[in-house]
Amino acid sequence: MSERITIIDFIEKYTAEFAPMTYLREKMDGEWKEISFAQTRERVHRIGAGLMSLGVAKGDKVALLSESRSMWMLAEMGALYAGAVDVPLSVNLGDGSDLVFRIVHSEAKWILVSQNQLPKIRKILPECPEVKKVIIFDDTAFDLTELQPTEIRISAIEKAGEEFLQAHKEEFVARYKSVGPDDYANISYTSGTTADPKGILLTHRNYTANVEQARSVIGIDAGAVMLIILPLDHCFAHVAGMYTMMSYGGSIATVPIGKTPQATLRNIPSAIKETRPAAMLSVPALARNFRKNIEAGIKAKGPRVEKLFNFALDNAIKYNKEYYNRGTGGTWWRKPLVALFDKLIFKAVRENFGGRMQFFVGGGALLDIELQRFFCAVGMPMFQGYGLSEATPIICSNAPGHAIFGSSGRIVRPMDCKICDAEGNEVPDGTKGEIVIRGENVMAGYWKNPKATADTIVDGWLHTGDMGYICPFDKDFLYVVGRFKSLLISSDGEKYSPEGFEDSLTDGSKFISQVILYNNQKPYTIVLIVPEKDALKEFVKGKRLDPESREGKVAMLEKIQAEIDSYRKGGAHEGMFPDRWLPTAVVICDEAFTLQNKMVNSTAKIVRGKVEEHYADRIAYAYTAEGKLLLNEKNIASI
C-alpha cells in the first residue's frame with residue numbers, strides 16, 4: 001500500500017520538486033499571468049496563516065463560491081493548510097434556498113467569494129447566522145468604504161498571513177502537520193435534483209489516493225498545459241486537473257471570467273488559442289459544440305472543401321475503427337491517406353485549438369461513440385472517462401495508447417471493481433449489472449446522513465447506482481451503459497437504458513439539440529426533442545419553403561422523423577438499438593432544457609425528472625390517438 005499522505009503533504013512534495021516551473025495561468029487585464037510551483041506554495045502558506053490569524057480553527061467549514069480561477073485553487077489549498085474543511089459551491093446556484101441550504105447544512109462559518117458572486121452572498125447572509133466573515137477575492141471590486149462589516153479582502157488575509165508567519169510560524173506548521181489523511185478535505189454537495197442535496201465527505205487520503213489511481217491510467221508531460229473548462233467545485237476538476245497536473249509538473253490554465261456566464265463561455269475559443277493546451281477537461285455538451293463549430297467553419301469554405309473534409313473524415317474513421325484495433329481488418333492501405341489528409345486538412349483544424357492538443361477527457365455524462373470517432377479522426381482524441389463524486393471521482397478512463405471507443409476506459413489501480421445483479425451477487429464478465437467498487441478513493445460518507453451512507457457503502461463496497469459490465473476480451477476495461485434509476489420500463493416489464501439512443505441521436509443529427517426518451521410501463525416509447533431550429537430553417541429554405549408557413553413546419557417535423565427512422569430497418573443506423581426501444585411518438589419541446597429552468601444541472605446533465613415534470617401534459621397527450629401523430633397541432637405550434 002502507498003504511503004497515506006494528506007493533500008498538504010502532496011502539495012509540499014510537488015511544489016518543491018517542480019519549484020521553478022509554472023503551475024497556474026490566468027488572464028488578467030488582457031495579459032496571461034503565471035504563478036510558479038514555488039510561488040503557489042508561498043501564497044498558499046500566506047493564505048492559510050492569514051485564515052488562522054482571522055480565527056479559523058481546525059475543522060471549521062469554509063464555503064467557496066467563485067468562478068474557476070487561480071485564486072479559487074490558492075484559497076482552497078490555503079483553507080486546507082489552516083486545517084479547515086472546504087465546501088465548494090457551484091456558481092450556477094441562485095441566491096435562494098439552494099445556496100442557503102448548503103451553507104447552513106455544512107455549518108460553514110467562513111465564506112470565500114468572488115466579486116461576481118458576492119451579491120448572492122450579501123442577499124442570503126441574514127439566513128446564515130453562523131457565518132463569521134466573508135472573504136472577497138477581488139481587490140478592485142469596491143472602494144474600501146463600500147465593504148460591509150462582515151467582509152474582508154483576500155489581499156488583507158495574505159498580508160495578515162505574512163505577519164503571522166513572521167511571528168508564529170511554528171504555530172502554522174504545527175497546524176498543517178496536525179492534519180491527518182482521514183481528516184475531511186471537502187464536503188461536496190450533489191446536485192439534489194430529487195430531494196435535498198447530500199454532502200459527500202471526501203478526505204485528504206481520498207484525494208491523494210485517487211490521484212495515484214488516476215496516474216495508473218493516464219499521464220502527461222512535465223510542462224504541459226491543461227485548460228480547465230469545467231467548474232472547479234467538482235472533484236473531477238480537482239483530481240484530473242489540479243492535483244494530477246501538479247504531480248506531473250504540468251500547469252493549469254482557466255478560462256478568463258466574463259461579467260456573465262455567457263460571456264465566460266464566449267472566452268473559451270480565445271483561451272484555447274492563447275494557452276495552446278495539451279489537454280482539456282470537458283463535457284459532452286461542450287464537445288458537441290466544438291464539433292458543430294468545426295463543421296460550420298469547414299462549410300463556410302465552400303462545397304469543394306466540405307466534400308474533401310468529409311472524405312478525409314470518413315477515411316480516418318474507417319482506419320481508426322474503435323482505436324484499439326486501428327488499421328486491422330484490411331484497412332492498412334488507408335494509413336498513407338490518413339497521414340496525407342492530416343497534413344492537408346486536419347492540421348489546420350487543430351491550429352484553432354492551439355496546435356498542441358493531445359487529447360480531451362470527457363466526464364459528466366456518457367460520450368457518444370460517433371463523437372469520439374470524429375475527434376480521433378481530426379487528431380484530437382476525446383477519451384471517455386467515468387466516475388462519481390462518491391469515488392473522488394475517477395473509476396476508469398481511456399487514454400492515449402489505451403482506449404476502446406464505446407467503453408469508459410481502463411479501471412484505475414489499486415481499486416477493486418465488480419458487477420453485481422439486483423440481489424448483490426457478482427456476475428460474469430460481459431454481463432450487465434450494478435458497478436460496485438472498493439478502494440481508498442471511496443468517500444467517508446454523507447455529511448449528517450448515516451442512513452444514506454449505510455445504503456450506499458456496504459462492507460466497504462460503494463454501490464454506484466450505475467449499470468455497466470466488464471469487457472469480456474480485456475478485463476481492464478469497463479463499459480458504463482446508464483443509471484439504474486434512469487431505466488425505462490415498457491408495458492411488458494422490460495427495462496432498458498435510454499442514454500445510448502439519446503446521445504446517438506443528438507450527436508448524429510445537426511437538426512436535433514436535446515433528447516429525452518420516456519416510457520413508464522406504457523404501450524410505447526415517446527421521445528421529447530428540442531430541435532435545432534436554425535438548421536431546420538436552413539433545410540426547408542433549401543426546399544424553397546417558408547420556415548414560418550405550415551408547409552415549412554411540416555417539412556421540419558418530417559425531417560426530424562426521418563432522423564429517428566434512420567435507426568429503423570433500412571436506415572443508416574439500423575441495428576444500433578432494438579426496434580421495440582425506438583420511439584413511436586414525438587413531442588417537440590417549445591423550451592430548451594437549461595440551467596435557468598432547472599432541466600439541466602450544474603454539470604451539464606439533463607435532469608430527467610424535471611423535464612418529465614415540466615412536459616407532463618405533453619407526455620400525456622402523446623399517449624392519445626391525436627398526440628401520437630407526428631403532425632399534431634401542438635408539434636406544429638412548437639417547431
Side-chain angles (χ1 to χ4, degrees), residues 24 26-31 33 35 43-44 46-57 60-79 82 84 86-104 106-164 231-233 254-267:
L24 299 175
E26 181 179 9
K27 194 173 188 179
M28 302 173 74
D29 302 322
E31 185 182 340
K33 310 282 187 184
I35 300 175
R43 293 194 64 183
V44 166
R46 287 203 297 270
I47 292 168
L51 291 172
M52 282 181 66
S53 74
L54 192 65
V56 173
D60 276 2
K61 314 303 184 298
V62 179
L64 201 168
L65 180 65
S66 169
E67 303 76 12
S68 298
R69 56 194 290 183
S70 294
M71 184 52 79
W72 197 112
M73 294 176 262
L74 296 170
E76 182 185 65
M77 289 186 251
D86 179 44
V87 183
L89 302 171
S90 169
V91 294
N92 295 319
L93 295 169
D95 55 13
S97 59
D98 286 344
L99 195 53
V100 172
F101 174 85
R102 287 161 171 79
I103 292 171
V104 172
S106 67
E107 302 173 5
K109 293 181 180 178
W110 318 88
I111 298 176
L112 296 155
V113 66
S114 67
Q115 173 186 347
N116 284 357
Q117 302 301 314
L118 182 61
K120 294 179 186 176
I121 296 299
R122 284 181 166 177
K123 185 175 178 181
I124 58 103
L125 205 58
E127 299 175 66
C128 307
E130 297 302 312
V131 174
K132 295 180 178 180
K133 217 67 169 171
V134 176
I135 300 152
I136 303 167
F137 285 169
D138 305 83
D139 273 6
T140 56
F142 314 98
D143 293 333
L144 283 169
T145 53
E146 291 185 56
L147 287 180
Q148 296 183 357
T150 55
E151 296 170 352
I152 186 170
R153 298 185 189 280
I154 195 75
S155 57
I157 295 293
E158 287 201 61
K159 188 172 185 298
E162 198 169 344
E163 293 168 359
F164 189 89
L232 286 170
D233 59 273
T254 50
V255 177
I257 301 165
K259 290 186 177 179
T260 65
Q262 290 73 26
T264 302
L265 283 174
R266 286 195 293 271
N267 288 336

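For reference, positions follow the sequence shown, starting with 1.
The closest side-chain heavy-atom distance from Trp72 to Ser114 is not below 4.5 Å. Two residues are said to be in side-chain contact when any heavy atoms from C-beta on lie closer than 4.5 Å; Ile136 and Leu118 meet this criterion. The shortest distance between side-chain heavy atoms of Ile152 and Val134 does not fall below 4.5 Å. Contact of the Val131 side chain with the Lys109 side chain is not registered, since no non-hydrogen atoms from C-beta on lie closer than 4.5 Å. The shortest distance between side-chain heavy atoms of Leu112 and Val62 falls below 4.5 Å. Proximity of Glu67 to Gln117: side-chain heavy atoms (C-beta onward) are separated by under 4.5 Å at one or more points. Within the 4.5 Å cutoff, side-chain heavy atoms of Met71 are placed close to those of Ile154. In this structure, the side chains of Arg153 and Ile135 stay at 4.5 Å or more apart for every pair of heavy atoms.
Going from atom CG of Leu24 over to atom CZ of Arg43 covers 9.0 Å, rounded to the nearest 0.5 Å. Atom CZ of residue Phe137 and atom CG of residue Leu65 lie 9.0 Å apart, to the nearest 0.5 angstrom. Asp60 contributes atom CG, which lies 12.5 Å from atom CG of Asp86 (distance to the nearest 0.5 angstrom). In this structure, OG on Ser68 lies 7.5 Å from CG on Asp233, to the nearest 0.5 angstrom.
Contact detail for Ser106 and Lys61: the closest heavy-atom pair is O-CG, 2.9 Å.
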Listed pairs under 3.5 Å, donor-acceptor, residues 47-54 side chains, sequence neighbours left out:
{"residue": "Ser53", "atom": "OG", "partner": "Gly50", "partner atom": "O", "Å": "2.7"}

Quick one: side chains of residues 254-266, donor-acceptor pairs under 3.5 Å with protein atoms, not counting sequence neighbours, listed by atom name and distance.
{"residue": "Thr260", "atom": "OG1", "partner": "Ala263", "partner atom": "N", "Å": "3.1"}
{"residue": "Thr264", "atom": "OG1", "partner": "Gly258", "partner atom": "N", "Å": "2.9"}
{"residue": "Thr264", "atom": "OG1", "partner": "Thr260", "partner atom": "O", "Å": "3.3"}

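Taking a cutoff of 4.0 Å between a charged side-chain nitrogen and a carboxylate oxygen, Arg122 and Glu151 qualify as a salt bridge. Under 4.0 Å is where a charged nitrogen must lie from a carboxylate oxygen, and between Glu31 and Lys33 at least one such pair does. Between Lys120 and Asp98 there is no salt bridge, since no side-chain N of the basic residue sits under 4.0 Å from a carboxylate O of the acidic one.
Around atom NZ of Lys27, more than 12 heavy atoms belonging to other residues, nucleotides or ligands sit under 6.0 Å away.
With hydrogens and angles ignored, the 3.5 Å screen pairs a side-chain donor or acceptor of Asp138 with a backbone N or O of Gln115.
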Quiz item: Taking it one step at a time, do Leu99 and Leu89 satisfy side-chain contact (heavy atoms from CB on, under 4.5 Å)?
Solution: CA-CA 8 Å; Leu99 195 53; Leu89 302 171; 3.8 Å; yes
